[in-house]
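We count residues from 1, following the sequence as given. In this text the structure is predicted, and so the values were computed from the model without any measurement.
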Amino acid sequence: MNIKPIKTEQDYRSTLVEIDGLMHAEAGTVEGDRLDVLVALVEACERKHYPMELPDAVPAIEYGMERGGLSVQDLATVIGRPNRVYEVLRGTRPLTLRMIAGLHEVFGIPAESLLKQKR
C-alpha cells in the first residue's frame with residue numbers, strides 16, 4: 001500500500017477523489033484497508049487546516065429542537081417554564097449548569113456547545 005502524506009491542496013483533493021472511488025470497498029480487503037487509512041489521513045488534515053468550531057448554545061439548542069422535533073414544552077421539562085425557554089432562546093437568560101446538564105443528558109445536545117454562551 002503506497003500512501004503519501006497530504007501536503008498540498010491538490011494532494012487533499014486527489015485523496016478525496018480516491019476515497020470517493022473506494023466508498024463501496026468491503027471491510028477487511030486491501031481496498032477497504034486503503035479507504036480506512038485515507039479517511040484517517042484526510043480527517044487529520046481537516047482537523048489541522050479546516051477546524052470546525054462548535055456552535056454557541058442557542059444555535060445548538062435550536063438545531064437540537066429541529067433534529068429531534070422538540071417543542072418549547074419539551075425543553076420546559078429541563079429549563080423551566082415556557083417563558084424561561086423563550087428567554088434562553090432569545091439570549092436574554094443564560095443557561096445554568098442544571099439546564100446545561102439536562103439539555104445534554106435528556107436531549108443529547110453537546111455540552112461543549114451549551115457552555116459557549118454569548119455574554
side-chain contact (heavy atoms from CB on, under 4.5 Å) between Ile61 and Leu114: does it pass, once the steps are laid out? CA-CA 8 Å; Ile61 293 169; Leu114 296 171; 3.7 Å; yes

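- The two residues Leu75 and Met65 make their nearest non-hydrogen contact at CD1-SD, 3.3 Å.
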Met23 vs Ile19, test: side-chain contact (heavy atoms from CB on, under 4.5 Å). Steps then yes/no. CA-CA 6 Å; Met23 287 306 290; Ile19 286 172; 3.8 Å; yes

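- When every heavy atom of Ile79 is checked against every heavy atom of Arg98, the shortest pair comes out as O-NH2, 3.5 Å.
- Remark: Glu53 CD is loosely packed, at most 12 non-hydrogen atoms of other residues, nucleotides or ligands lying under 6.0 Å away.
- Val58 and Leu115 are not part of a single hydrophobic cluster, where members link through side-chain heavy atoms under 4.5 Å apart.
- In terms of heavy-atom proximity, Lys7 sits nearest to Asp11 at N-OD2, 3.0 Å.
- Residues Tyr63 and Ile109 do not share a hydrophobic cluster, defined by chaining ILVMFWY side chains whose heavy atoms lie under 4.5 Å apart.
- Among all heavy-atom pairs drawn from Val42 and Leu16, the shortest one is CG1-CD2, 3.8 Å.
- Proximity of Glu43 to Arg47: side-chain heavy atoms (C-beta onward) are separated by under 4.5 Å at one or more points.
- Crowding of Arg90 atom CZ: a count of heavy atoms from other residues, nucleotides or ligands under 6.0 Å exceeding 12.
- With a 6.0 Å radius and a threshold of 12 heavy atoms from other residues, nucleotides or ligands, Tyr12 has its OH atom above the threshold.
- For Cys45 against Ile6, the heavy-atom pair with the smallest separation is SG-CG2, 3.8 Å.
- Between Thr15 and Glu18, every side-chain heavy-atom pair lies at or beyond the 4.5 Å cut-off.
- Residues Gly108 and Arg67 share a closest heavy-atom pair of O-NH2, 4.1 Å.
- Atoms OG1 and CZ, from Thr8 and Arg13 in turn, are 10.5 Å apart once rounded to the nearest 0.5 Å.
- No donor-acceptor pair closer than 3.5 Å links the side chain of Asp33 to the backbone N or O of Val30.
- Note that the NE2 atom of His24 and the CD atom of Glu31 stand 13.5 Å from one another [nearest 0.5 Å].
- A salt bridge does not link Lys116 to Glu112: none of the charged nitrogens lies less than 4.0 Å from a carboxylate oxygen.
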